J.: 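Questions regarding the structure given below will be posed in turn.
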Amino acid sequence: MTVNGWLQIVLYCVLLLLSVRPLGGFMHRLFAGERVFLTPLLGPVERGFYKLAGVDQRSEQNWLQYAVAMLLFNMLGFALLYLILRTQVWLPLNPQQLPNLSADLAFNTAMSFTTNTNWQAYGGEATMSYFSQMVGLAVQNFLSAATGIALALALIRGFARKTAGEIGNAWVDITRATLYLLLPICLFYAVFLIWQGVPQNFSAYTEATTLEGAKQVIAQGPIASQEAIKMLGTNGGGFVNANSAHPFENPTALSNFFEMLSIFLIGAALTDVFGRAVGNRWQGHAILGAMMVLFVAGVALAYWAEASAPNALAHIDGVQAAGNLEGKETRFGVASSALFAVITTAASCGAVNAMHDSFTALGGAIPMLNIMLGEVVIGGVGAGFYGMMLYALIAIFMAGLMVGRTPEYVGKKIEAREVKLASLAVLAAPLAILGFTALACVLPDGLKGLANAGPHGFSEMLYAYSSAAGNNGSAFAGLSANSVFYNVTLGLAMLIGRFAIIVPMLAIAGSLAAKKQVPASAGTLPTDGGLFVALVVAVVLVFGGLTFLPSLVLGPIAEHYAMLAGTSF
Amino acid sequence: MKPAQTSFDRRLWLGALRDAFVKLDPRSLIHNPVMFTTALVAAAATVLFVRDLTSGAGHLLFSGQVIIWLWFTVLFANFAEALAEGRGKAQAEALRQTRTQTRARRLGKAGGAADVTWVPATELRTGDVVLVEAGEFIPGDGEVIEGVATVDESAITGESAPVVRESGGDRSAVTGGTRVLSDSIKIRITAAAGSSFLDRMIALVEGAARQKTPNELALNVLLAGMTLIFILACASIPSFAAYAGGKVSTIVLIALFVTLIPTTIGALLSAIGIAGMNRLVRFNVLAMSGRAVEAAGDVDTLLLDKTGTITLGNRQAADFLPAPGVDARELAEAAQLASLADETPEGRSIVVLAKERYGLRPRDVASLHARFVPFSAQTRMSGVDLDGSEIRKGAVDAIVDYAKAHGHGQPVPGAVLEDVERVAKGGGTPLIVARDGRVLGVVHLKDIVKNGIKTRFAELRSMGIKTVMITGDNPLTAAAIAAEAGVDDFLAQAKPEDKLALIRKEQAQGKLVAMCGDGTNDAPALAQADVGVAMQTGTQAAREAGNMVDLDSDPTKLIEIVAIGKQLLITRGALTTFSVSNDVAKYFAILPAMFATIYPPLAALNVMHLGSPQSAILSATIFNAVIILLLVPLALRGVKYRPAPAATLLARNLAIYGLGGLVAPFVGIKLIDFAINAVGLV
């Protein structure tokens, strides 16, 4: 580990925390329907959309209507994307004449992009036409992110409102998230990326002759515009197969830094929106605090594991004094790669600037654990926030009793209904991850996709299903996932991991909104301080850890001890 | 009483032991999802064991022992619940017997000793008067109207020391089924057969199924959810192991599963709830539902009646303040005369003060040929007509009116009004005494604030509970007493409607309100309050409106009731946290034992250095079962509770039960493993 490496990590945290309050304030006003500085410019556009769609922006929905609107919207998005992917050869902007996708790959990809997973069972430059990239994938990048933000807002309203039936209007929330938040930032972000050297064109791939005389095809296209939302919306689906490790997606150290920053930007600000909405900013800061504790611990562990690997592996070729550089871009180095890996898995982004498969056992276990914990460390836009709130509810319920009152959080009593729904939501991811991995472990179709044997091969499968169910989308490359078995099961895992959490979560929002607010007193469990932060961190680790420990022991932990004993897989 | 107590305890234990087996009935187990699941897998393991026994396959000594401990886990849980139920049940059974066998000596309307009929206790009606002599059981709930007796109430309260019950005052209520030990008392029956405390208690303990409280239900849901997660975690292991080319035996998997699911809190949850109710009963408070006990823990606002709760019983005369030109002795004498027939504590205290200060002996009322004028709501005065002159005492405005109206009335002297003002400001109640329209002076009646009540209110404040004093006094007096007692707020000149309005206002802000009351006009407020404690001595209407009844009719108990409610919730939270934290150590015991054959380097995870895989798994299983038994006393007694702010409580309990729960099993499992290997059990 180097001073430079740590400085990068510290600088990252500082800049992130500085962004929280201004962006949080903007989002709070925006979603409360107040005037923001963009209103004069975008207000007419927004109203135009409502007029076109026949939406009354003042009428609100109860949780069920909200959920139905959301599901319907995502279902249509899925159908449209599926259709585009199956017909791209007849659609415009396909200079490479790339063929239509197979049914299972199109299903998997469409599910992947509508659920904000962006798992890619394909290589972008060899599969997708520019039309599919821009009209198909990028559109879902925006909309799935906007969906996540809207859902978080619905939950926040559940906490903030008193004896209310409604939790907002899904159409209005999605429109505002896209129009005022995602689009403007992405516009400037894309221009910044173009300046840094990211291509933005519709040209056919360039054929070049290398110095050795070999022929090389250089892929390109409208990359910058897609890269921006890919990071900001925690989507993570790369334009090209190498994702952010490719110089066309992530050319410089500066672009790398801003790509990392943009992953956490909205997720972190949502905690502040929550604090503002419930009238105590420290409530939001406490949630952010719990996230940051887990984040910094993860980064420290991963960085340590990657940087100190050589001591244990001195006898193995290819491991250099600089740390474990296998699968990493030398222009980013160990610190930046470890940081990126932790960020992208802490959030449900899934973009990568290094190959997680090549990390050491423990270094690779951190990203995997991050995903398994439910990506609640900042997390995907919106999804991370409501995921963390589910844990907070459980933490409050378990430990809140210890102050001698029935549990309450920001003035809302947590009762059987909320506990039931939260348990249901928390159960969804383990069901998909453990269930499908167990299936893949014993079915020939599952085992066929493995590139490595032993615990490492197991980790590849476990990571894939974790990534899908967690709607992360990053891969422990090494698994050949473009098969009917993996396309279908991973697609289902994404479906369960997204919607089996969303629906109970919205029901919780509805149930909370209907409750009265109990004023806080000296007898109320304080949820805006360090003790609460520690409590939430403990519950996340204990709950997540207890669920996945057996599988982690058979995967990365077994590999780690084998490595110490001199065996690698 | 000692031997009886011991045999009672032995019966209790034996009964609980028997019930532990009776409760293995699936129909009873199903109410507890965690223990039901445990029993289910234990049964499955037993079936497999029998199969292996016939074929002779497997490590039978090891799996046999694991299975025994799995069953113990379920039995211990049943035992805890049975023990908690046992006390109340045993009491109820004994009481039911007395109820059917007791015969009562009913007195006729004339009340003479001759007019006595023997009737079965079940035939008594409200209003009947019965005579109970030493050694006899009291036939029904009622109020002592004559006499003093020592009563053995152990059957209900579990407290073997006899208590004194006497007519008048706070200790007049008696409960059916208790026994008079000495002397004899006359009792007016206040509850008809079927609605007495005894009947309600029997219904509570034996009521078809104990109603789970809302929080208990929610906790059960969480425990069921955790059980499901561990089903997933354990059910996926065989497949993972198969991939790694290994095999995990069913019995090991079952042991892992049972140790992971929250058996500790699952086993003790209902015992905690029942014990909480029992604590109230032992405290002579009868809760109509567990919901009320839980609500008591959540109370934000306590409405406390001034009299009896904050101040001692009633006001007492503290001083005589004569009007200008009047001798203090003359004032005292007049006041004493006016109070001779006044049986209220205030009246008596005036007589006593006059005697103490001026040696005025109360004269024989009959020899005075006096006509006493009782207090009436119209005149708001009382007094005496004696030798052609009128002596009156009363509230300021009443006497002012009286003095004005009286024939040779004179205006009230300014100095007297100043005295009145000063007394009122100091929290006292001024009483003016006049003779034939001439004001003699002021009697200073003073409220005596109870000793130590101020510290208790400070404690309540630190717990975040607001105290509101309810009083009929004027705002000035109320403010002074409120300041002296340290309550947060007060409601002066309170009418029953005001109380109700205050409760509604607090509730509208989302607060939970507790109050106690006894009068019929308290009934609406008692019904509206989240926790309404009716006094046993109170009217039937009040008792029906409240959700708790205090047998001692001691309004101060509201504070203890809140503490008991909090203690119940804390105990639940503490054991849940303990139970979940335990899992970390159990993983470290079982996972290396389970997987070390597949990947030998994983033996490094055996941080406890347990003897062998078998002993490790058996130790974890034994620890998991035994910890239930060890925690039964804690569950029944409740976690120690000291009033403190929430943050302090949480920090302390997290340290004890969270960190403690993390560390304890590492030590426990290691010790058990050591013992197992020393004895050579596997």
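So you know, we letter chains A, B, ... as the sequences are listed, proteins then strands, and number each from 1. This one's a predicted model, so the numbers in the text were calculated from it and none came from an experiment.
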J.: To the nearest 0.5 Å, tell me how far A:Leu393 CG sits from B:Leu222 CG.
T.: 11.0 Å

J.: Pick from A:Val518, A:Leu424, A:Leu427: which one has the most heavy-atom pairs with chain B under 4.5 Å?
T.: A:Leu427

J.: Give, as side chain, backbone, both or neither, the part of A:Val542 having an atom under 4.5 angstrom from any heavy atom of chain B.
T.: side chain

J.: As an exercise, state the distance from CG of A:Leu554 to CZ of B:Phe595, rounded to the nearest 0.5 Å.
T.: 4.0 Å

J.: Please classify the contact between A:Ile433 and chain B as side chain, backbone, both or neither, with a heavy-atom cut-off of under 4.5 Å.
T.: neither

J.: Please flag which part of B:Leu256 lies under 4.5 Å from any non-hydrogen atom of chain A: side chain, backbone, both or neither.
T.: neither

J.: What part of A:Ser551 gets closer than 4.5 Å to chain B, counting heavy atoms only: side chain, backbone, both or neither?
T.: both

J.: Could you check which of A:Lys162, A:Lys413, A:Met398, A:Met402 has the highest count of heavy-atom pairs closer than 4.5 Å to chain B?
T.: A:Met402

J.: Taking all heavy atoms of B:Gln509 and all of A:Pro519, pick out the closest pair and write down the distance.
T.: O-CD, 2.8 Å

J.: Is B:Ala508 in contact with chain A via its backbone, its side chain, both, or neither, using a 4.5 Å heavy-atom distance?
T.: neither

J.: To the nearest 0.5 Å, what is the distance between CD1 on B:Ile229 and CZ on A:Phe543?
T.: 5.5 Å

J.: Between A:Phe397 and chain B, with a heavy-atom cut-off of 4.5 Å, which part of the residue counts as in contact: side chain, backbone, both or neither?
T.: side chain

J.: Counting only heavy atoms closer than 4.5 Å, note whether B:Met594 contacts chain A via side chain, backbone, both or neither.
T.: neither

J.: Which of these passes side chain to side chain contact (heavy atoms under 4.5 Å, CB included) with A:Arg405: B:Asn215, B:Asp300, B:Leu649, B:Ile570?
T.: B:Asp300

J.: A:Leu535 versus chain B, heavy atoms under 4.5 Å apart: side chain, backbone, both or neither?
T.: side chain

J.: Any chance you could measure A:Thr547, atom OG1, to B:Leu232, atom CG, to the nearest 0.5 Å?
T.: 8.5 Å

J.: Look at the rings of A:Phe458 and B:Phe240 and say which category their plane angle falls in: under 30° parallel, 30 to 60° tilted, over 60° perpendicular.
T.: perpendicular

J.: Of the backbone (N, CA, C, O) and the side chain (C-beta and beyond), which part of A:Leu450 lies under 4.5 Å from a heavy atom of chain B, both, or neither?
T.: side chain

J.: Select, from B:Leu654, B:Ile465, B:Val584, the one with the greatest count of heavy-atom pairs under 4.5 Å involving chain A.
T.: B:Leu654

J.: Side chain to side chain contact (heavy atoms under 4.5 Å, CB included) for A:Leu525 and B:Leu650? Distances and angles first, verdict last.
T.: CA-CA 8 Å; A:Leu525 170 75; B:Leu650 182 66; 2.9 Å; yes

J.: To the nearest 0.5 angstrom, please state how far the CG atom of B:Leu228 sits from the CG atom of A:Leu431.
T.: 9.5 Å

J.: Heavy-atom distance under 4.5 Å to chain B: side chain of A:Ile414, backbone, both or neither?
T.: neither

J.: Please state whether the side chain, the backbone, both or neither of B:Arg461 comes within less than 4.5 Å of a heavy atom of chain A.
T.: backbone

J.: Write down the atom of A:Pro550, the atom of B:Ile237, and the distance for their closest heavy-atom approach.
T.: CB-CD1, 3.7 Å

J.: Given a strict heavy-atom distance threshold of 4.5 Å, which part of A:Thr524 is in contact with chain B: side chain, backbone, both, or neither?
T.: backbone

J.: Could you have a look at B:Ala241, B:Pro601, B:Gly565, B:Gly297 and say which one has the most heavy-atom pairs with chain A under 4.5 angstrom?
T.: B:Pro601

J.: Please report the shortest heavy-atom distance between B:Tyr243 and A:Ala453, naming the atom on each side.
T.: OH-C, 4.0 Å

J.: Which one of B:Val639, B:Thr648, B:Thr576, B:Leu602 has the most heavy-atom pairs closer than 4.5 Å to chain A?
T.: B:Leu602

J.: Using only atom types and a distance under 3.5 Å, with no angle test, would you say the side chain of B:Tyr599 pairs donor to acceptor with the backbone of A:Ala562?
T.: no

